[in-house]
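In what follows, chains are A, B, ... by sequence order, proteins preceding strands, each numbered from 1. Note: hydrogens, waters and symmetry copies are ignored here, and every other heavy atom, side chains too, is used.
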Amino acid sequence: MRNLVKPVKTIGLLTLDTLFWSKKTLFIAAVSLVIVGLAVLGRLILSFSWIRVPFTPEQVFGTLMATAVIHFLVTFVTLFYGTALISEELEGRTITYLFTRPVPKPAIMIGKYLALVWISSMLVIPTILVSYLVLYLGPDTTRLMRDVGTLGKDVGIVFLAMLVYGAFFSLLGAWLKHPILVGLIYAFGWEGIISYLPGFTRKLTVTHYVQSISPHADTASAIAMMIGERTPALESVITLVLMAAFFLASASLILREKEYVLEQ
Amino acid sequence: MPIHDLGYRHWKGEWTSHPYRWWVITRQGIQLLMKRRRFLVLMILSAIPFVVRGAMIYFATVVGASAPFLKINARFFEDFISQQMFFAFFIAIYAGAGLISNDLRANALQIYFSKPITRRDYVIGKLGVLVWFLSLPTLVPGLILFLLAVLFAPDTAFLREHYWVPVSVTAYSLVMVLTFALVILTLSSLTRSSRFAGINFAAVFFFSQILYGILSGILRSRRVAWVSLGNNIEQLGDTIFRIDPRYPSPVWISVVVVLVIIGGGAWVVHNRVQAVEVVR
Amino acid sequence: MSAVLEARNLSKWYGQVIAVNGVSFSVDAGVTGLLGPNGAGKSTLMKMIMGQLRPSQGEITVFGQRIWNNYPLFARMGFCPEQDSFYERMSGAEFVSSLLRLNGYSEEEVSRRTDAALERVRLTADRDKKIAAYSKGMRQRIKMAQTVAHDPEVIILDEPLAGMDPVGRHEAIQLVRDWGREGKCVVVSSHILHEIEAMTGNILLMHNGRVLAEGDVHQIRELIDKHPHNVHIRCSDPRRLAEALVGFSDVVGVRFHPEGNALTVESRQPDAFYDRLPGLLLSRGIDLDELTSPDDNLQAVFHYLVK
């Protein structure tokens, strides 16, 4: 196990360096800024005394979290990075350099995955924190302090969702030659549709478990929960962690056993 | 006895270009995509709604079923094309994401432009590939459905009442096809990675929808519908089919947004496509 | 004692295409040239040696062990791939040191080995330049640096001289010879006979996925020399040159090309022929415009051998 730590760290840092300076990160940062911009807009509307505001900061924050962050940003960021982890090395034909070093292939997968989780967190979590502060900061700090628990929960949920989606999209990237279309169908098709179906099928989505522990009652999760019970919080968390572990293990196994023929 | 030279002879006439050079690029792109089995599956799947709508026309006109959803009118055709936006989205990604980015990655533009092909030919050629494949699930079945409705109709009343529908089908399809085509081509021309272009297209589409959801929630108004790419297309579809627009935002804004996307996209693509890209 | 590299009935096919077809060979310490035209299966064979591709049939072993998914072996092996692909944003030194870290060295060791490897390929002055700004020759050299930075016992070089200028080529050839002299097992591929000849006398000749011949390059040469060698000469007076040439016993045919002031000579001893030609031209005051040999390419060699 100790043998794995160093190569995982090296691969992680190598990947982080590549991801950090990529156009992808710039693009995601821009999208994150738009989300912060929405929080600013919400705050402005809340501040104008001449507008009869029909909502509260927590409602705006809840909507932002449920729709823009969890349903879009997290999926989008992990899809972006996850599918690129192996595919980009294959397209750039640089994977040979990694595969001809005395490092087990699962270590390469794990190192890259950790880099994905790290950089995704660096982009998404500050977006949540800044949005929260923008919406709540004011002379009256009681509300700010009261909802800190919700904020912590949100950060935790987002982190868990990134773990699972990141592992799943890494799996797709290691497995398929063209992972994007399948990833998009999964992210915006399967996850979007199946989680609203009654019965057991909705338990086959990440969205269901995320909605089960979400502190926000947005429209989408309200509809989903109307047709089926929430899974208990602890069970949801454990399921999400197990899902992430399963997807990551599968991705590592595929990387180890698959023969990658580089295009000339 | 005169001895004729039967060897190779140089062309002594004037070198002229023909106006359809772009078609070479389009044809090649179409042939390449048609060889991909997964793409063919996607195209076949996109034909399912057409078959269903065809059956609906049959039941409504020949069998005489009279359920409300079997009413064959302008909205029937508009709904069909709007529904096809789902497939157009995936086809645009599959067919369009790599159209220019793959050429950039392989430094193939130098080869293209070492032939008698202009930048405009190249862009039109690539656009042609997308127009072809995006028209297949929208414009083509839309017109066939209209033809079926006319042929199955017991008299000419339907034709007299809806003679303008083919024009609307064409116009609405073109709005959708050109918007999607130019957005994906623009994104494809901005990167060497087809994956990056594909995800960005999805991001533009979904994020604009989410933006609309949040803004309409915060502002308590649906007048901001124009921020969503899909909403603009649908809004124009309603107008083209003479149906009350589904969003209260002004139609002219949607017209402007779509024109800016098409025009701006064409400008970006044309400028990004260079034989030599100095990167260092 | 078993050989360093050993292939037994090794085959690799991609769908309907056979890239390597029932190849068996063994390679020991020293330099071995893998010679063959483009598409002969050299790169596929090298990728199988390096465990990047799984054999469809047969077996390949390095130090008596199977290589596929046997990652500890890579500590003893270095690979210079054919493709011109890098982490372009990195500098040369970052590239080499990043890969060295994967070998498990301490930071001091990584730094020391990076310096040594860059020095060896003469890239010390450009060590901090981004790889994206490197010339083709420098890119080839940085690939060689990462190949040998961990001092491997087995070095696999896939077309290492491609794109190098004559000076770089000469230096690279010297390096390969040095590694061979140091007792390393070096396998180097090329489709150019002269390049391989300059590096080693020991070759494996590949054609259409098969090993056509193996052993001393001079034996291959002799085999080639048994067949008449065509030389095409364009000069100011082809007939006078022909008159001088037909007196030599190795010249077995002369054909004139009146339209181009040229002649084609068939010789059984090309080396002797080339040695004497300048003297003949000078002594007769004949101006030489062009000298080409359609036989002097590898395809012609294979044509002979397959016949």
Side-chain angles (χ1 to χ4, degrees), chain A residues 22-24 27-28 30-31 34-35 37-46 51-55 59-60 62-69 71-73 75-77 79-84 87-88 91-92 169 173 176-185 187-189 192 218-220 263, chain B residues 33 36-43 45-46 85-87 89-98 101-102 104-106 184 187-221 224 227-228 230 279:
Chain A
S22 67
K23 277 187 199 165
K24 283 189 271 299
F27 190 78
I28 294 166
V31 172
V34 176
I35 293 173
L38 287 172
V40 172
L41 182 71
R43 174 61 193 254
L44 285 175
I45 291 170
L46 286 165
I51 301 178
R52 262 191 70 214
V53 187
F55 46 78
Q59 280 174 320
V60 179
T63 309
L64 271 184
M65 280 304 302
T67 52
V69 178
H71 284 164
F72 178 74
L73 191 60
T75 324
F76 175 60
V77 170
L79 177 69
F80 228 160
Y81 288 137
T83 53
S87 309
E88 240 166 45
E91 280 170 15
F169 293 128
L176 304 172
K177 198 174 176 188
H178 302 291
I180 285 302
L181 216 56
V182 179
L184 284 173
I185 291 170
F188 298 105
D218 67 299
T219 323
E263 283 169 21
Chain B
L33 280 161
R36 294 191 194 167
R37 206 181 298 163
R38 281 184 202 171
F39 185 66
L40 287 181
V41 170
L42 182 61
M43 293 304 288
L45 284 177
S46 74
M85 199 189 294
F86 174 79
F87 290 104
F89 169 80
F90 287 109
I91 291 169
I93 291 178
Y94 204 114
S101 59
N102 286 345
L104 289 172
R105 201 179 69 215
I184 190 74
L187 295 169
S188 184
S189 73
L190 291 172
T191 171
R192 288 165 173 257
S193 159
S194 59
R195 195 178 41 259
F196 191 60
I199 299 183
N200 279 349
F201 181 74
V204 167
F205 194 83
F206 289 114
F207 190 62
S208 67
Q209 194 62 38
I210 284 170
L211 203 61
Y212 162 66
I214 294 171
L215 281 177
S216 60
I218 293 175
L219 301 169
R220 286 288 189 264
S221 166
V224 287
V227 300
S228 155
V279 288

request  = Pick one of side chain, backbone, both or neither for I180(A), based on which atoms fall under 4.5 Å of a heavy atom in chain B.
outcome  = side chain
ask   = Given a strict heavy-atom distance threshold of 4.5 Å, which part of A84(A) is in contact with chain B: side chain, backbone, both, or neither?
value = both
query = How far does OG1 of T63(A) sit from CD1 of I210(B), to the nearest 0.5 angstrom?
reply = 12.5 Å
inquiry  = If we ignore hydrogens and angles and just use 3.5 Å, is the side chain of K23(A) paired with the main-chain N or O of F196(B) as donor and acceptor?
reply    = no
F27(A) side chain reached by I199(B) side chain, heavy atoms, under 4.5 Å = no
ask   = Checking salt bridge (charged side-chain N to carboxylate O under 4.0 Å, His left out) for the pair R195(B)/E88(A): CA distance, chi angles, key distance, verdict?
value = CA-CA 9 Å; R195(B) 195 178 41 259; E88(A) 240 166 45; 3.0 Å; yes
query = Taking every heavy-atom pair that is under 4.5 Å apart, which of L184(A), L41(A), T75(A), L73(A) has the most such pairs with chain B?
reply = L184(A)
key: Gap between atom CZ of R36(B) and atom NE2 of H178(A) - 0.5 Å precision   = 5.5 Å
message = Can you tell me which portion of F72(A) sits under 4.5 Å from chain B's heavy atoms? Options are side chain, backbone, both or neither.
response = both
inquiry  = With heavy-atom distances below 4.5 Å as the criterion, would you say the side chains of I214(B) and I35(A) are in contact?
reply    = no
note = Closest non-hydrogen contact found for I218(B) with L38(A) is CD1-O, 3.9 Å
query = Which pairs pass side-chain hydrogen bond (donor to acceptor under 3.5 Å, both in side chains) with one or both residues in residues 196-209 of chain B, sequence neighbours excluded?
reply = Q209(B)-S228(B)
